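None of these values were measured; they are calculated from a predicted model. We count ligands from 1, going down the list as the structure has it; atoms in each ligand are counted the same way.
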Amino acid sequence: MTSCPEIAATMMAPGKGILAADESVATMSKRLQENGVEPTAENRRIYRELLASAPGLSDSVSGIIFCDETLRQTFGDGTPFPLAVSALGILPGIKVDTGAKPCPGLDGETITEGLDGLPQRLAEYAAMGAAFAKWRAVFVIGEHTPSRGAIRANANALARYAAACQQAGIVPIVEPEVLMDGAHNRGVCRDVTNEIHAAVRAELALLNVDLAGIVLKPNMVVEGDRYIRPSTPEEVAELTVAVLRTWPDHLAGVAFLSGGQEPERATANLEAMQAHQTPWPLTFSFGRALVSPALSAWHGDPDLIGAGQEALLRHVRANGAAVRMRVAVQVN
Ligand code: 5MM
């Protein structure tokens, strides 16, 4: 059996990132409808097959995160998704949280759920071929948020999830996301992200999670979407890397979420990060910044599957190229 550190190293292969195609049924249905596509299970399946089968995707993508529905579906030729993507040289992953729900006791804040029965679900996903998993905790910057209670509760849940994954031989992607919503500047985002990462690290340590066998999926440190001046890629990179330096050298790697940034901005920020020397690789695990252009280009038209794939590949290649800038820096 391949160990978690070995799988994590494959996920962080030089020049590659991870595609987040794990929208829940509700989110995916909403996005299909926004693009004029009927939100049926079959249309969700066709769309995910469009993404996963884009020619040459594995040149820049090491893994794809799916949701439960997709993992149980098949390609048009009848091959189950996990086996089909494995045959294409891509690791299949599974989102195992069941969503961020209102947290009792914490007005307006959420706790991500999904721990009940998790070991059993992980065993089933492993048998289906899943190599890694994902769990996302969500934090909102407000006048009094995120509270210490929300940070501690979500950090603990992330650690329990991560420990359960490693016990099942599945690499956990640990995703603490500070949303971009708000009028705060990037310094506030840095401070909040720092506090959350410290809590997550402490909880991971208490449950003996091996950092060499996890992939951290954080937000970039950016200003809120209602702040007056957008930060430059260099400013984003400097603060983001400063926060990440609090993680030990043996962390397998960092794969950023895009968080609603324009695709070009997310890529430029990722590229700027590569100028910083770090003990772990920095890559992408974008959702919207990769799949939104593909969804708009396809918009449910069977004749436009190729156009959807081309839109995906354009963005995937751009991010792969951004990540390879670092490889060039390291080699020289
Ligand atoms: C693809 O969206 C993921 C699942 O979202 P829902 O459970 O809300 O439907 C999401 O967790 C995603 O993997 C991360 O937020 C990263 O995606 P972005 O678009 O922020 O890069």
Side-chain angles (χ1 to χ4, degrees), residues 11 17-35 39 41 44 47-48 50-52 60-71 81 91-102 110-114 130 132-140 154 157-158 161 171-182 189 193 196 215-222 224-225 236 240 254-270 273 282-296 311-312 315-316 318-319 322-323:
M11 293 165 70
I18 298 162
L19 172 61
D22 60 311
E23 299 89 344
S24 58
V25 169
T27 303
M28 192 65 252
S29 298
K30 185 166 159 270
R31 296 201 177 140
L32 287 176
Q33 279 176 305
E34 286 165 358
N35 282 272
R44 290 190 292 273
Y47 172 60
R48 263 59 177 264
L50 174 162
L51 299 174
S60 304
V61 164
S62 60
I64 307 179
I65 318 171
F66 295 113
C67 68
D68 182 85
E69 179 186 65
T70 314
L71 206 75
F81 263 79
L91 294 172
I94 174 75
K95 183 245 298 293
V96 300
D97 68 65
T98 55
K101 307 285 165 55
T110 60
I111 175 73
T112 299
E113 295 188 347
F132 67 94
K134 193 204 86 174
W135 181 290
R136 171 173 170 251
V138 183
F139 303 94
V140 179
N154 277 289
L158 275 167
Y161 141 80
V171 169
I173 294 183
V174 173
E175 181 178 0
E177 176 174 10
V178 179
L179 297 183
M180 276 175 68
D181 307 7
C189 180
T193 305
I196 291 166
V215 170
L216 179 67
K217 178 167 171 170
N219 52 284
M220 298 179 185
V221 174
V222 289
D225 55 6
V236 170
T240 304
V254 176
F256 294 102
L257 59 91
S258 58
Q261 298 181 66
E262 285 301 314
E264 290 71 23
R265 186 183 186 202
T267 305
N269 288 340
L270 181 66
M273 310 264 185
L282 301 167
T283 190
F284 60 95
S285 176
F286 298 160
R288 284 164 288 178
L290 294 176
V291 300
S292 302
L295 181 52
S296 319
L312 170 71
H315 289 279
V316 160
N319 286 292
V323 172

Measuring from each atom of ligand 1, which residues have a heavy atom under 4.0 Å away? Ala20, Asp22, Glu23, Ser24, Thr27, Lys95, Lys134, Arg136, Glu175, Glu177, Lys217, Leu257, Ser258, Gly259, Phe286, Gly287, Arg288
Just to verify, which of Arg48, Lys95, Arg44, Arg136 counts as forming a salt bridge (charged side-chain N to carboxylate O under 4.0 Å, His left out) with Glu23? Arg48
A quick test of your reading: do over 12 heavy atoms of other residues, nucleotides or ligands sit less than 6.0 Å from NZ of Lys30? no
Suppose we screen for ring-ring contact (aromatic ring centres under 6.0 Å, His included). Which residues come up paired with Phe256, at least two apart in sequence or across chains? none
Side-chain donor/acceptor of Asn219 to backbone N/O of Cys189, under 3.5 Å: no
Check: Tyr161 side chain, Lys134 main-chain N or O, donor-acceptor pair, under 3.5 Å: yes
Mind listing the closest non-hydrogen atom pair of Leu312 and Leu19 along with its distance? CD1-CD1, 4.3 Å
